[in-house]
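Chain identifiers are assigned alphabetically (A, B, ...) following the order of the sequence lines, protein sequences preceding nucleic acid strands; residue numbering begins at 1 within each chain.
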Protein chains: 2
Amino acid sequence: MPDIGDLRTRCVLPIGTVIQLTDLTARQIRYYEAQDLVHPERTAGNHRMYSLNHIDTLLEIKSQLADGFSLADIKQLMHPRHREPNSDEEVRQMLRDELMNQSRLNQGSKLRQGFGFRP
Amino acid sequence: MPDIGDLRTRCVLPIGTVIQLTDLTARQIRYYEAQDLVHPERTAGNHRMYSLNHIDTLLEIKSQLADGFSLADIKQLMHPRHREPNSDEEVRQMLRDELMNQSRLNQGSKLRQGFGFRP
DNA sequence: CGGTCAATGTCACTTAACATAACATCTATC
DNA sequence: GATAGATGTTATGTTAAGTGACATTGACCG
C-alpha cells in the first residue's frame with residue numbers, strides 16, 4: 001500500500017470527477033460551495049479539488065434536497081449554530097426522519113413547515 | 001458512505017494528482033505507460049485518469065527502479081510471460097531480494113547481471 | 001395575479017491542465 | 001566513442017475548469 005496519508009481527507013479529485021461520482025452538475029456543486037456547504041481546496045491555478053469526505057457531504061446534500069429540505073435547512077443541520085426556530089428535539093426528529101428515508105412526498109422546506117407537528 | 005463502487009479500481013485521479021501522490025514527473029508517468037507498465041483510462045477528451053491501484057503500481061515501479069532494476073526488468077517481473085533467460089528459482093530469488101530491500105548498491109540491470117550467482 | 005426568492009440552466013470569455021512530438025542530456029555498457 | 005535507457009525541456013494544440021451575467025422554473029406570499 002502506498003504511503004498516501006488519509007485518503008478520505010486528501011483533496012485529489014477535480015470537479016469533473018466529482019460530477020461523475022455524485023451525478024451533480026458543476027453549477028450545483030459550485031452553488032453549494034457559494035452557500036457555504038462544501039469547502040474544496042484550490043490548486044495553485046485556482047481549480048477546485050475535492051476529497052472523498054467532500055463527496056460524502058455532497059451526496060448527503062443531494063439526499064437532503066431530495067427529502068424536501070432547502071439548502072438553508074441543510075446548512076443549519078450541518079452547523080447547528082444557535083438553534084432558534086426549532087427545539088433540539090425537533091432537530092433530532094428531523095435527523096431520525098432523514099435516517100429512515102420517510103416522508104418524501106412533501107412540498108416546500110421542511111423547516112419552514114415546522115414539521116406539521118404543532119396542533 | 002457513498003455508493004461509489006470500488007475506490008481502488010475506479011479511475012478518478014488526473015495525472016496532476018498522480019504526480020503529487022507519487023512524486024514522479026509527468027514525463028516519467030507517461031514513459032512508463034509507453035513501456036506498457038501502466039494502463040490508465042482516458043476521458044472523453046483523451047486525458048489520462050488513474051485509480052489507486054495505478055498509484056500502487058507506479059510506486060512499485062519507482063521502488064524497483066531505485067533498487068537497480070530496469071523498466072524492462074520490471075515489466076518481466078510484472079508479466080512473467082515465458083521466463084527464458086532466468087529460471088523460476090532465480091525469479092523467486094529476485095522477488096525475495098526485492099522484498100527484503102537488500103542490495104541497493106549495485107549498478108546496471110540486475111537481470112543483466114544475472115545476480116552474480118554463477119561461479 | 002404579480003412579485004420575490006431559491007435552485008439551476010446556459011452562454012460568453014479567460015486561464016489552467018493535459019496531450020503529443022521532437023530534440024537534448026546524461027549515464028552505463030559494449 | 002557509439003548505443004541504448006531514462007528523463008528533461010520546449011513548442012504547440014486541445015480539453016477542463018474558472019468567473020460572471022442573464023434566463024428559467026417552481027413555490028410562496030401579500
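Within the 4.0 Å cut-off from OP1 or OP2 of C/dA7, not a single side-chain nitrogen or oxygen of A/Arg27 is found. For C/dT8, neither phosphate oxygen OP1 nor OP2 lies less than 4.0 angstrom from any side-chain nitrogen or oxygen of A/Tyr31. Between A/Arg30 and D/dG18 there is a side-chain polar atom (N or O) within less than 4.0 angstrom of OP1 or OP2. The side chain of B/Thr43 contributes no N or O atom lying less than 4.0 Å from OP1 or OP2 of D/dT15. Between B/Tyr32 and D/dA6, a side-chain N or O to OP1/OP2 separation shorter than 4.0 Å is absent.
Look at CD1 on A/Ile15: it is 15 Å from C1' on C/dA17, rounded to the nearest Å. A/Ile61 has its CD1 atom 10 Å from the P atom of C/dT8, to the nearest Å. For B/Ile29 and D/dT7, the CD1 to P distance is 11 Å, given to the nearest whole Å. Rounding to whole angstrom units, CD1 of residue B/Ile19 and P of C/dA19 are separated by 9 Å. Between B/Met49 atom CE and D/dA17 atom P there is a gap of 8 Å when expressed in whole angstrom units. Between B/Gln28 atom CD and C/dT25 atom P there is a gap of 19 Å when expressed in whole angstrom units. When the C1' atom of C/dA17 is taken as reference, atom CD of B/Gln20 falls 12 Å away, rounded to whole Å. Rounded to whole Å, the distance from CZ on B/Arg48 to P on C/dT20 is 4 Å.
The side chain of A/Leu65 has C/dT8 as its nearest neighbour among C/dG9, C/dT8, C/dT20. Side-chain proximity of B/Asn46 to D/dA6, D/dG18, C/dA19: nearest is C/dA19. Of the candidate nucleotides C/dC18, D/dG8, D/dG18, D/dG18 has the atom nearest to the side chain of A/Arg42.
In the model, B/Ser51 has a side-chain atom that pairs as donor or acceptor with a side-chain atom of B/His54 under 3.5 Å.
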>> Pair B/Val18, B/Ile29 - check side-chain contact (heavy atoms from CB on, under 4.5 Å), show working.
In response: CA-CA 9 Å; B/Val18 178; B/Ile29 296 167; 3.7 Å; yes
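For the residue pair A/Pro40 and A/Tyr50, the shortest heavy atom distance occurs at CB-CE2, 3.4 Å. Across all non-hydrogen atoms, the minimal contact from A/Gln64 to A/Leu77 is NE2-CD1, 3.8 Å. Looking at every heavy atom in both residues, A/Arg8 comes nearest to A/Asp6 through N-OD1, 2.8 Å.
A residue-by-residue look at B/Ala44 and B/Gln35 shows that B/Gln35 has its nearest nucleotide of DNA chain D further toward the 5' end. Heavy-atom distances to DNA chain C give each of A/His47 and A/Leu71 a nearest nucleotide, and the one nearer the 5′ end belongs to A/Leu71.
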